[in-house]
Amino acid sequence: MSVERYNPGACETKWQQTWTDHGTFQTRDDDPGEKYYVLEMFPYPSGRVHMGHVRNYTMGDVVARFKRARGFNVLHPMGWDAFGMPAENAAMANNIHPREWTYDNIATMRDQLKSMGLSLDWSREFATCDVEYYTRQQQLFLDFLDAGLAYRRKSTVNWDPVDHTVLANEQVIDGKGWRSGAIVEQRDLTQWFFRITAYNDDLLASLDKLDRWPEKVRLMQQNWIGRSEGMTFDFDLVGDNDAATDQKLTVFTTRQDTIFGATFCAIAPDHPMAKAAAEQSPEAAEFIAACQQSGTSEEELQTGEKRGFKLDLRAVHPFLEGQTLPVYIANFVLMGYGEGAIFGCPGHDQRDLEFARKYNIDVIPVVVPENEDPAEFEISDDAYVGPGRIANSQFLDGKTIEDAKEDIAGRMEAGNFGKRTVNYRLRDWGISRQRYWGCPIPIIHCDSCGIVPVPRANLPVSLPDDVTFDVPGNPLDHHPTWANVQCPTCQGEARRETDTMDTFVDSSWYFARFTAPHADAPTVPEIANQWLPVDQYIGGIEHAILHLLYSRFFTRAMKATGHLDLDEPFAGLFTQGMVIHETYRKLDGTWATPDEVSITESDNVRTATLIETDEKVEIGNVEKMSKSRRNTVDPSDILETYGADTARWFMLSDSPPERDIIWTEAGIEGAWRFVQRLWRLVHDAKEQSSNDPISGNLDGPALGLRKIAHRSLAAVATDIESLRFNRAVAHIYEFANALSASLPTGDNPASATPEMKSVIGEALQFLIQGFGAMMPHLGEECWQAIGSEGLLVDRPWPKIDQSLLQDDTVTIAVQVNGKRRDELTIARDMAKQDIEKAALALDNVIRDIGDRPVRKIIVVPNRIVNVVA
RNA sequence: GCGGACGUGGUGGAACUGGUAGACACACAAGACUUAAAAUCUUGAGGAGCUGAGCUCCGUGCGGGUUCGAGUCCCGCCGUCCGCACCA
């Protein structure tokens with residue numbers, strides 16, 4: 001009497017169509033339910049959906065469906081982060097227009113996402129490269145410009161001297177351009193910036209309010225903003241032979257307490273004083289040029305060897321009479337931070353120490369740990385950055401670091417050559433990109449009027465279609481006519497800005513646009529305010545800093561310009577882990593794909609061979625799925641073979657969602673078997689079920705099953721609320737196991753008792769509802785199979801009977817001296833003395849204590865009792 | 001270099017606020033069903049020891065510490081991963 005196998009292919013299409021026909025997931029702004037906005041980071045349309053997307057969107061969908069069942073009016077939209085470099089790279093490589101490439105990819109990926117059965121409101125879909133979207137972004141830019149939040153200044157870019165083009169950091173490989181191989185140079189360009197630093201304090205302080213964000217993300221943002229209290233002060237400078245000059249060197253420090261340990265000063269290669277030196281000295285110019293022959297990324301600057309160039313200047317120590325310090329141009333000093341100049345204290349800063357060792361500069365320890373003798377304390381390979389007392393510092397000796405900082409600050413301010421300053425690591429956001437496939441910056445450059453914003457009535461500034469990619473550089477620059485325009489002010493000949501915006505701009509407000517995706521203005525403030533903030537945002541940890549910080553800035557800027565009234569865009573944030581996979585390396589060193597190899601296992605040793613040739617393959621590390629390692633698994637293959645529910649179930653199983661998940665063939669097979677098992681279980685259980693009301697006083701197995709049903713669903717609800725999907729999955733397994741075990745088995749055709757039948761009936765509904773958000777198609781099919789009315793997706797979450805959630809008795813562990821010796825099953829909340837008595841009466845306890853006296857008994861109610869003897 | 005995380009059986013992981021480590025699953029083994037295989041069902045299991053089904057010891061990357069009690073807290077290592085402002 002076995003049922004036919006569950007056929008996901010047919011069922012999934014059917015239910016997806018049903019939901020579409022019913023308009024199930026079309027969200028209305030005027031729905032009476034409490035709003036809940038769940039959003040997953042929208043994808044870049046790279047070509048095909050990858051497993052990371054499947055995981056991300058499955059998680060979001062479970063939340064969305066669950067909240068729906070809980071009666072919320074759920075907004076769950078999807079769109080495309082569609083501008084960016086890969087489209088231009090494809091254009092260059094394959095001679096296909098970025099627009100065509102992008103929209104083709106979107107079409108493919110939309111189909112793939114739809115086959116996952118996601119509860120998305122597709123009527124709100126947009127791509128950031130839609131002119132309807134980016135024209136509103138241009139409006140925002142103009143508003144920000146009016147509000148003083150956008151401005152122009154010079155900044156440094158990676159310049160490829162052969163291709164004559166600006167390179168992204170990822171296009172700089174080992175200091176060379178990826179295409180030309182030329183050594184990259186740093187070059188100054190005038191660029192547009194958003195004044196994110198205007199919100200330094202607010203962006204930092206508000207992190208405290210984001211209590212549904214991971215602690216680590218808040219910490220990362222805090223460190224990124226990098227508020228530090230310190231001092232800005234001046235060194236007097238003298239010439240080489242102590243010849244007086246009127247020059248001063250302004251430095252920033254957070255460690256003014258270590259001023260007596262200062263043994264040199266250093267300035268950034270692009271510091272004005274360095275530039276001045278370069279004009280006097282060819283050697284200095286050469287050194288600066290060498291410094292600029294590297295990428296602009298901080299990582300590159302910091303990991304490179306510390307190098308310096310000594311200037312013909314010395315800095316006068318402010319507190320040591322007659323003492324002067326050498327001044328260097330140093331490649332590890334950043335112009336963008338503080339004053340672009342520092343004093344070096346090698347004893348207490350690792351970078352300074354490395355520099356000092358290299359150039360034979362003195363190392364004077366001025367902070368000594370409490371338990372060390374200042375006369376003996378020396379610095380060897382590691383700078384000392386811990387707490388301690390000041391030494392070798394005259395009037396500061398013996399003070400704490402804090403007191404010494406205060407003392408110096410007071411003296412500098414009194415002497416009028418320094419002041420306390422708060423400094424931030426966060427820099428303004430450079431948004432200019434010298435590329436075609438991005439949102440044009442709506443600005444016109446006029447020789448007589450200067451910078452002229454494009455009048456709002458003239459928006460959009462659309463990207464021209466007729467562009468070529470045969471020459472490196474920005475196609476907008478090469479376009480014969482596009483940039484030529486009349487100046488809106490003087491009607492004279494003028495030129496459009498040909499830079500486009502950083503794609504981070506596109507993703508900094510899309511969540512707001514989803515609330516009114518077809519509106520003429522960027523947002524409809526009332527509607528945006530109604531839906532925002534996003535209640536649950538889900539995406540990769542790689543966006544922990546930039547995307548999220550920029551979005552937080554945009555929210556503030558849009559508030560300032562009247563587009564919404566909101567403090568923070570994302571009330572709840574969850575960062576999910578990556579999907580990773582084993583790698584397979586062939587004998588010749590190249591990689592094999594997972595479907596090219598076959599794995600066998602014996603005695604816990606797994607070996608891999610190439611299916612085609614039987615050649616042995618080395619099983620390598622488990623790594624992030626990537627094209628270069630060829631360890632990718634195409635979601636479409638999985639969806640076709642196993643169906644969406646199996647793929648979704650596997651993605652939710654086992655691994656905690658914030659951690660990486662290893663994709664394995666065995667894992668997906670296991671999920672597949674469970675889908676089939678549920679299908680059979682539902683049919684078997686249905687035979688033994690009834691819809692009769694459940695009697696009030698159950699006992700025995702019927703009560704047992706009912707408890708499990710209610711407890712499981714209560715647990716699944718908590719698990720989903722707290723996004724612990726792997727535990728929800730485990731609870732469904734337990735529940736299904738218990739229901740299976742409750743069914744009459746064997747040759748005995750006898751059926752369950754009437755009261756058991758009604759309990760099974762309830763359990764069956766609970767089970768289907770319990771996994772329905774995770775495997776929605778199977779859920780609907782089962783729901784229909786047990787003859788319930790309507791669609792599962794429209795059913796409210798079952799009502800849990802709280803009285804079934806707790807047992808009257810508990811089993812607690814009994815320890816002697818912290819080691820478990822026995823256990824006790826006692827009444828819940830039993831009196832302490834009675835527990836102590838019962839514990840001491842246990843044979844194992846008596847034996848273990850022997851004739852030692854009992855010194856203490858610790859009772860933790862309903863958990864444990866520990867006898868200390 | 002700087003910043004952030006993570007590390008538990010053969011494997012993925014569970015363990016709520018310091019209270020019975022290993023739930024649940026995968027893989028494995030044995031058995032049932034089958035001509036056979038697949039599928040399915042049942043049973044078993046952290047490691048070591050004791051001559052018996054109970055008990056002892058060891059066990060959460062390594063080394064210390066706090067505590068009646070540590071996977072959980074603290075200090076120091078080791079390893080792996082993520083971000084570093086023009087990848088998205």
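Per chain, numbering begins at 1; letters A, B, ... match sequence-line order. Predicted model only: the values in this text are computed from it and were never measured.
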Are any of A:N223's side-chain N or O atoms less than 4.0 Å away from OP1 or OP2 of B:rG4? yes

Return the nearest nucleotide to the side chain of A:E542; candidates are B:rC24, B:rA88, B:rG12. B:rA88

Distance between C1' atoms of B:rC81 and B:rC86 (Å, rounded): 24 Å

NA contact type, A:R724, heavy-atom cut-off 4.0 Å: base, sugar-phosphate, or nothing? nothing

Counting any heavy atom closer than 4.0 Å, what does A:G84 reach on the DNA or RNA strands: base, sugar-phosphate only, or nothing? sugar-phosphate

Does the side chain of A:R711 come within less than 4.5 Å of A:D807's, by heavy atoms? yes

Would you say A:R677 and A:N737 are linked by a side-chain donor-acceptor pair, where the criterion is simply a distance under 3.5 Å? yes

With respect to the side chain of A:E734, which nucleotide from B:rC24, B:rA85, B:rC87 is positioned closest? B:rC24

Hey, is the side chain of A:N844 poking within less than 4.0 Å of OP1 or OP2 on B:rC55, counting only N and O atoms? yes

Scan A:E823 against the nucleic acid and name what it touches under 4.0 Å (heavy atoms): base, sugar-phosphate only, or nothing. base

Quick one: label A:K819 by what it contacts on the DNA or RNA (base, sugar-phosphate, nothing), any heavy atom closer than 4.0 Å. sugar-phosphate

Look at the side-chain N and O atoms of A:R659 and state whether any lies under 4.0 Å from the OP1 or OP2 oxygen of B:rA14. yes

For nucleotides B:rA23 and B:rG9, find the distance between their P atoms and express it as a whole number of Å. 13 Å

State whether A:R673 places a side-chain N or O below 4.0 Å from either non-bridging phosphate oxygen (OP1 or OP2) of B:rA38. no

What nucleic acid atoms does A:S432 come within less than 4.0 Å of, heavy atoms only: base, sugar-phosphate, or nothing? base

Base, sugar-phosphate alone, or nothing: which one does A:P656 contact when heavy atoms must sit under 4.0 Å apart? sugar-phosphate

Quote, to the nearest angstrom, the P distance that separates B:rC26 from B:rG59. 31 Å

Could you go step by step and tell me if A:F504 and A:I431 meet the side chain to side chain contact (heavy atoms under 4.5 Å, CB included) rule? CA-CA 8 Å; A:F504 270 124; A:I431 61 154; over 6 Å; no

Provide the distance between the two P atoms, one in B:rA29 and one in B:rG49, to the nearest whole Å. 23 Å

Quick one: label A:S507 by what it contacts on the DNA or RNA (base, sugar-phosphate, nothing), any heavy atom closer than 4.0 Å. nothing

B:rG7 to B:rG61 separation - P atoms, rounded to the nearest Å: 8 Å

Sticking with atom C1', work out how far B:rU11 lies from B:rA27, rounded to a whole angstrom. 7 Å

May I ask you to decide if the ring planes of A:Y6 and A:W679 are parallel, tilted or perpendicular, using 30° and 60° as cut-offs? tilted

B:rG71 to B:rG13 separation - C1' atoms, rounded to the nearest Å: 13 Å

Measuring from the side chain of A:V166 (C-beta onward, heavy atoms only), which nucleotide among B:rA5, B:rC68, B:rC86 has the closest atom? B:rC86

Residues in ring-ring contact (aromatic ring centres under 6.0 Å, His included) with A:F42, at least two apart? A:Y510

Specify the separation, in whole Å, of atom NZ of A:K216 and atom P of B:rG83. 12 Å

Considering every strand and a 4.0 Å limit on heavy-atom distances, what is the contact class for A:V217: base, sugar-phosphate, or nothing? nothing

P gap between B:rU8 and B:rG4, integer Å: 22 Å

Can you identify which nucleotide, out of B:rC86, B:rA23, B:rU20, has its nearest atom closest to the A:A730 side chain? B:rA23

So what does A:A666 hit on the nucleic acid, given a heavy-atom distance under 4.0 Å: a base, only sugar-phosphate, or nothing? sugar-phosphate

With a 4.0 Å limit, can you tell me whether A:N169 has a side-chain N or O closer than that to the phosphate oxygens OP1/OP2 of B:rA85? yes

Which of B:rA88, B:rA21, B:rC84 is nearest the side chain of A:R820? It is B:rA21

Checking understanding here: a glycosidic angle within 90° of 0 is syn, the rest anti, so what is B:rG9? syn

Please work out if A:F504 contacts a base, only the sugar-phosphate, or nothing of the nucleic acid, heavy-atom cut-off 4.0 Å. base

Is the ring pair A:F674/A:Y733 parallel, tilted or perpendicular, if the boundaries are 30 and 60 degrees? tilted

Closest of B:rA85, B:rA88, B:rC86 to the A:D81 side chain is B:rA88

Are A:N726 and B:rA23 close enough that a side-chain N or O sits under 4.0 Å from OP1 or OP2? no

For A:S655, which contact category applies under a 4.0 Å heavy-atom criterion: base, sugar-phosphate, or nothing? sugar-phosphate

Please work out if A:R677 contacts a base, only the sugar-phosphate, or nothing of the nucleic acid, heavy-atom cut-off 4.0 Å. sugar-phosphate

Minimum-distance nucleotide to A:D660 side chain [options: B:rC81, B:rU56, B:rC87]: B:rC81

Tell me every residue that passes salt bridge (charged side-chain N to carboxylate O under 4.0 Å, His left out) with A:R227, counting only those two or more places apart in sequence or in another chain. A:D201, A:E229

Is A:L426 touching bases, backbone alone, or none of the nucleic acid, heavy atoms closer than 4.0 Å? base

For A:N158 and A:L167, indicate whether the former's side chain and the latter's backbone hold a donor-acceptor pair under 3.5 Å. yes

Starting at the 5' end of RNA chain B, which residue's closest nucleotide do you reach first, A:R427 or A:F83? A:R427

Only Watson-Crick and G-U wobble pairs with both distances less than 3.5 Å should count. Give RNA chain B in dot-bracket notation, marking inter-strand partners with |. (((((((..(((......[....))).(((((.......))))).(((((...)))))..(((((..]....))))))))))))....

Under a 3.5 Å threshold, yes or no: a donor from one side chain and an acceptor from the other, between A:D660 and A:S655? no

May I ask you to say what A:Q191 touches in the nucleic acid, namely base, sugar-phosphate or nothing, with a heavy-atom cut-off under 4.0 Å? base

Using the closest heavy atom to pick a nucleotide of RNA chain B for each, name whichever of A:T811 or A:T156 lands nearer the 5' end. A:T811

